[in-house]
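What follows is one structure encoded as structure tokens, with my remarks underneath.
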Amino acid sequence: MFSPDIVIAAVLNGLLTGAVYALVSVALTLVYGVLHIINFAHGAILTAAMFAAFFAHQAGIDPLLSVLFIAPAFFALGYAVQRWIIGPASHGDDRNILLVTLGLSIVIENVLLAAFRSDTRSIDVPYGFSVVDLGFVFLPMPRVIAFGVTCVVAALLWALLTRTDTGKAIRAVAKEKLGASLVGIDVTHIYAVTFGIGAACLAVAACVLLPSYYVNPRVGTAYVLVAFTVVVLGGMGSVPGAMIGGLLIGVVESLSGLYFGESLGQLGIFLIFILVLLVRPTGLFGARA
Amino acid sequence: MDEVLLSVRGLVAGYGQTQVLRGLDLDVAPGEIVAVLGSNGVGKTTLNKALSGVVRVGAGEIRFGGERIDALAPPAIVAAGLIHVPEGRRIFPDMSVQENLELGSFRRGKPNRAANLERVYATFPRLRERRGQSAGTLSGGEQQMLAIGRGMMGEPRLLILDEPSLGLSPLLVEEMFALIGRLNADGLAILLVEQNVMQSLAVATRAHVLENGRIVLSGTGAELAQNPDLEKAYLGM
């Protein structure tokens with residue numbers, strides 16, 4: 001058995017990792033909940049955002065600063081991609097959308113490969129090896145920052161969805177497209193806004209991830225596999241589900257790393273995943289079928 | 001004929017290769033209730049969807065307040081004040097009653113949102129009682145009230161009601177038609193699309209019977225109620 005201090009440290013570290021999982025998953029589940037598509041380009045967009053943050057850092061801008069323009073830029077990019085590529089190319093057919101996003105991810109990854117090769121790059125930030133001392137446990141500063149930023153983004157997203165007309169229109173379109181059209185909501189526009197918000201969340205995740213991680217043209221894939229698990233676990237389309245699910249998966253991964261050994265950390269994720277789905281097939285926060 | 005609010009001429013519309021409306025003419029003047037009657041599958045709902053821009057118009061023209069609207073998308077048509085309360089209510093089930101109503105003024109009537117909300121609550125006291133409740137938990141009758149209330153929030157110049165009595169108990173059907181009469185008495189023009197023939201004719205200024213995508217009988221409510229051809233047309237004989 002491990003001492004309580006070590007277990008608590010593992011739980012806290014898991015929550016910090018889980019916050020980034022939550023952010024990546026919220027973006028995925030929001031797009032699924034509103035557009036009813038699985039966005040296969042999710043990982044590639046995350047990767048692209050990490051490259052953007054990497055080159056902003058090369059130009060001398062810290063990711064915590066560059067997020068202020070990378071996130072809006074990715075919102076605009078996401079909006080444009082949905083409105084003028086995915087939407088028109090899919091003609092409203094779900095199978096087409098699936099293939100279009102898959103194609104998009106292949107294009108993005110290969111453009112990045114062609115431009116930057118498959119080298120793995122990382123950055124040095126002054127706070128890269130700083131820690132937060134809680135007395136009984138040291139927490140890595142970049143991850144504490146990532147956790148804090150995720151909380152801010154979650155709060156902003158919550159305010160947007162519950163307090164603004166645009167946010168309410170997003171929720172309306174998610175559940176009742178025809179009803180939304182008939183009160184004058186422009187469904188095509190709301191689809192693009194939602195996709196843009198998803199891309200902006202990924203951009204934020206990229207900027208907080210980069211100081212403690214690395215970037216190469218395939219880096220998004222690892223996060224997206226976890227994000228898919230989180231989204232199904234939390235309940236497809238549920239934003240609170242993705243938040244809680246992300247944190248939960250982070251803790252589970254950290255604890256199973258502690259008990260089964262670091263290399264088997266991901267084993268715990270899929271054990272929990274299977275267990276939850278056996279008991280609740282629609283996920284933790286999913287509507288009952 | 002500048003007294004006409006809605007004017008439809010030679011309207012052709014449908015889905016893909018299937019034509020549902022085959023050259024339909026219709027007028028609604030300000031302050032009128034015009035009923036469109038017909039059995040299932042004659043094109044009533046397609047007519048409404050073509051008017052509100054959800055279904056593309058194949059040929060013909062639709063004028064609303066004198067302006068062509070047949071090539072416009074739904075948001076622009078709502079902005080002009082033609083508001084369609086759809087069959088099956090189409091409320092937002094996991095949002096509160098009040099949020100549903102607020103979204104009714106998403107495109108039009110936003111400056112008067114608070115006053116209009118008060119007016120809707122005065123018309124439907126039940127909705128005020130349930131303002132914080134999820135719309136999906138309301139009874140069928142309450143959901144229909146919510147759908148109509150949401151339509152009123154957009155300050156309609158013409159309100160299209162598609163089968164408002166469908167699925168309601170006989171008592172609630174009475175209430176629904178009384179309500180339609182009251183809304184109209186306040187000056188609202190209504191296009192009422194219904195299967196419920198006799199009650200619709202009783203409140204309607206004028207009525208049309210739709211069959212196979214065309215209007216086959218027209219007249220005032222009272223005239224049609226007396227017309228022996230009504231039953232034939234309605235039964236498709």
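Letters go in sequence order (proteins before strands), and every chain restarts at 1. Just so you know, these numbers use all the heavy atoms, side chains as well, and skip hydrogens, waters and symmetry mates. Just so it is clear, the model here is predicted, and its values are computed rather than measured.
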Would you mind checking which part of A/Ala180 comes under 4.5 Å of any heavy atom in chain B, side chain (CB onward), backbone (N, CA, C, O), both or neither?
-> both
Most heavy-atom pairs under 4.5 angstrom with chain A, which of B/Ile83, B/Val85, B/Asp94?
-> B/Asp94
Check ion pair A/Asp165-B/Arg113 (N to O, under 4.0 angstrom) = yes
Decide, yes or no, whether a salt bridge links A/Arg171 with B/Glu99 under the criterion of side-chain N to carboxylate O below 4.0 Å.
-> yes
Relative to the ring of A/Phe75, is the ring of A/Tyr79 parallel (under 30°), tilted (30 to 60°) or perpendicular (over 60°)?
-> tilted
Of B/His84, B/Lys110, B/Arg108, B/Arg89, the largest count of non-hydrogen pairs under 4.5 angstrom with chain A goes to B/His84
B/Ile91 portion near chain A, given a 4.5 angstrom heavy-atom threshold = backbone
Charged N to carboxylate O below 4.0 Å: is that the case for B/Arg9 and B/Glu61?
-> no
